[in-house]
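Single-structure report; data block below.
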Amino acid sequence: PLWKLILISLPQLGVQALWCFICAKSAPYMRHLGVGHALATLNNAAGPTLGLFAGPIVGVASDSCTSKYGRRRPVILAGLVSIWIAGMLFSLAEHMLSGPAAVALAAPMYCVLDVTINVLQTPHRALVADLASEEQQLPMQVVFVVFIATGNFIGFSSLRIYDVPVEHMRELMLGFCALNALCVGVQLLVAQEVPLAGAPRQSLYAPVVAVARALRGSPRLLYHLATVQCLVWVGNTAWNIYGGQWFTASVFQGDQNAPEGSEEKIAYGEGNAAFAHGGQARSVLQLLSALAIITLLLRRWLRPRLVYAPCIFIGGIASLLAAFAVGHSGAFAMVCMTLSVMPETGSFAIPFGLVATLNKRAEEEGKQVSTALQMALLNCCVTVGQQICTTILAAIEGSLSLEAALPCVFILAAVAQTIAGGGALFLDDAPPAEAAPAETGKEAGDALEKASTAIEAGV
């Protein structure tokens with residue numbers, strides 16, 4: 001039943017809320033522990049680096065898992081345990097240790113937490129896809145869109161509880177861990193997986209070999225999409241991870257380490273509140289724009305590339321305005337942040353739909369396809385974009401103050417997303433009916449219908 005599938009997809013809300021919160025406050029928390037600006041930023045690169053390899057490998061291992069509890073649930077349960085251990089040790093570092101020792105504990109725990117969040121995206125979606133019928137695939141993708149937007153809204157709303165959230169990391173992290181435990185608990189109670197039977201026992205390096213084979217045999221469109229996805233997420237990272245610091249340090253000129261009651265401390269609280277308000281508006285626009293994209297693809301009014309490219313260009317314009325026009329206007333900054341969600345919304349839908357369409361075409365031709373693995377590899381481009389943005393910002397912070405360095409990252413975001421938007425305009429999104437003119441009559445109609453279903457599932 002649909003209501004069961006909705007409950008099974010509930011953990012996506014918890015993971016998204018945690019991701020939204022921890023991305024915004026990871027670097028400020030490291031600064032709170034005494035790390036310099038550049039090193040606090042550079043610490044954000046470790047998780048995406050490991051996630052680049054861990055995501056596909058865990059995905060392949062999950063596909064071949066023969067546990068009596070199913071293929072997905074053991075991975076999800078292990079991820080929940082990892083969130084609790086890494087999350088609580090990260091937030092308790094300043095209470096358990098002091099000085100460099102606290103930093104030495106918090107830094108690797110954040111890396112583990114970041115990798116876990118990245119890895120858990122796949123089994124949550126895969127479990128729903130395994131259990132849903134063909135008719136339920138599209139409604140469930142809409143449910144995922146709603147849960148992602150709601151999770152982001154919860155994450156941003158949590159930043160309004162305290163003026164300086166990093167001073168209350170323990171309480172906030174405990175709340176997010178409890179939320180994820182509740183969501184996964186509901187999922188495990190409702191989901192009824194059938195164990196995978198008859199699968200051959202694989203060696204430890206089998207997932208690595210599978211990933212290499214999938215890369216070698218992937219079509220040109222996948223590499224085109226991967227390049228666009230990487231550039232898009234250079235820009236998205238500027239907002240998701242460093243937007244909060246931009247609000248507090250550059251727009252409002254606050255300082256989280258300033259004495260209590262000082263103008264800088266008060267300004268920091270005001271900047272944090274403005275960032276939270278902007279994030280809430282961003283979450284609402286994310287939901288509305290995602291539903292609009294789904295409608296456009298269902299109605300077939302526009303080709304996917306003609307939907308994706310404008311979304312990316314809107315984000316590029318928002319980043320350009322943030323770099324050169326916002327100044328110290330909190331209201332203008334909130335408008336730019338709200339609009340910056342458009343490339344992210346498009347990147348969660350259209351690239352994966354195009355891969356599904358391409359593989360559907362290959363499947364009809366009798367070729368072997370690796371849809372799930374290719375989607376996991378495409379998702380890894382998110383981490384590459386994060387690495388590029390983080391590394392460049394850390395280098396800039398080595399020679400400029402935080403207040404001066406953060407606008408520079410929005411220049412980088414604008415350039416990257418402008419190039420990505422241009423690249424998206426040239427994507428090969430022709431439906432199977434056009435790509436194979438030999439098909440006529442009912443065969444062509446069936447192929448187009450299957451392609452549309454694949455795009456809907458990708459959304």
Side-chain angles (χ1 to χ4, degrees), residues 7 9-33 44 47 76-97 102 105-121 124 144 146-189 240-241 243-245 247-248 256 268-269 271-284 286-287:
L7 293 179
S9 63
L10 188 61
Q12 183 66 43
L13 183 150
V15 169
Q16 192 69 28
L18 175 58
W19 185 76
C20 176
F21 166 74
I22 200 64
C23 278
K25 292 304 172 184
S26 58
Y29 182 64
M30 297 305 293
R31 284 283 300 127
H32 175 69
L33 296 179
N44 289 329
I76 292 172
L77 185 59
L80 177 63
V81 173
S82 179
I83 284 177
W84 268 95
I85 295 175
M88 294 311 301
L89 287 177
F90 173 74
S91 62
L92 290 171
E94 63 175 326
H95 302 283
M96 298 170 59
L97 303 167
L105 175 61
M109 288 302 102
Y110 171 71
C111 178
V112 173
L113 186 62
D114 192 16
V115 170
T116 302
I117 292 173
N118 282 331
V119 166
L120 277 180
Q121 304 290 330
H124 286 319
F144 269 108
V146 173
F147 280 159
I148 287 173
T150 305
N152 282 334
F153 192 89
I154 293 173
F156 283 114
S157 298
S158 69
L159 302 178
R160 300 181 59 188
I161 299 175
Y162 303 104
D163 288 339
V164 186
V166 295
E167 295 179 352
H168 303 273
M169 183 63 74
R170 175 180 55 185
E171 296 91 331
L172 292 169
M173 184 62 71
L174 180 61
F176 282 112
C177 288
L179 174 63
N180 276 272
L182 175 63
C183 293
V184 171
V186 171
Q187 180 191 64
L188 296 181
L189 286 174
N240 292 341
I241 300 184
Q245 290 179 286
F247 267 86
T248 55
Q256 68 184 50
Y268 182 89
N272 181 71
F275 173 65
H277 281 298
Q280 290 174 322
R282 194 175 191 260
S283 303
V284 173
Q286 182 181 34
L287 174 60

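The figures here come from the full heavy-atom set of this structure, side chains too, leaving out hydrogens, waters and symmetry mates. Along the sequence shown, the residues carry numbers beginning at 1.
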Side-chain contact test, heavy atoms from C-beta onward, threshold under 4.5 Å: evaluate it for [X] versus [Y] and give yes or no.
{"X": "Ile148", "Y": "Phe153", "value": "no"}
{"X": "Val164", "Y": "Asn272", "value": "no"}
{"X": "Asn152", "Y": "Leu287", "value": "no"}
{"X": "Thr150", "Y": "Gln16", "value": "no"}
{"X": "Met173", "Y": "Leu113", "value": "yes"}
{"X": "Ile161", "Y": "Leu172", "value": "yes"}

For residues Gln256 and Thr248, is any side-chain donor paired with an opposing acceptor at under 3.5 Å?
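The criterion, which ignores hydrogens and geometry beyond distance, is not satisfied for Thr248 and Gln256.
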
Side chain to side chain contact (heavy atoms under 4.5 Å, CB included) partners of [X], counting only residues at least two apart:
{"X": "Thr116", "answer": "Ser82, Ile83, Val112, Leu120"}
{"X": "Met96", "answer": "Leu89, Leu92, Leu105"}
{"X": "Ile241", "answer": "Cys23, Asn44, Thr237"}

Pairs where residues 272-283 contributes a residue and the test salt bridge (Lys or Arg N to Asp or Glu O under 4.0 Å) is met, not counting sequence neighbours
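Qualifying pairs: Arg282-Glu344.
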
Sidechain-backbone polar pair: [X] side chain, [Y] backbone, donor-acceptor under 3.5 Å:
{"X": "Asn180", "Y": "Val15", "result": "yes"}
{"X": "Asp163", "Y": "Tyr268", "result": "no"}
{"X": "Tyr29", "Y": "Ser91", "result": "yes"}

Run through Trp19, Trp84, Phe21 and flag the one making a ring-ring contact (aromatic ring centres under 6.0 Å, His included) with Phe176.
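Of the listed options, the one satisfying the test is Phe21.
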
Excluding sequence neighbours, so at least two apart, what forms ring-ring contact (aromatic ring centres under 6.0 Å, His included) with Phe147?
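Testing Phe147 for ring-ring contact (aromatic ring centres under 6.0 Å, His included), a comparison that skips the adjacent residues, returns none.
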
Can you pull the side chain to side chain donor-acceptor pair (under 3.5 Å) pairs that have at least one residue in residues 164-178, sequence neighbours excluded?
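Residue pairs with at least one partner in residues 164-178: Glu167-Lys265.
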
Please name the pair of heavy atoms, one in Phe275 and one in Gly244, separated by the smallest distance, quoted to 0.1 Å.
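Closest pair (atom of Phe275, atom of Gly244, distance): CE1-N, 3.4 Å.
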
Start with the C-alpha gap between Leu189 and Leu7, add the side-chain angles, then the distance that decides, and say whether side-chain contact (heavy atoms from CB on, under 4.5 Å) holds.
CA-CA 9 Å; Leu189 286 174; Leu7 293 179; over 6 Å; no

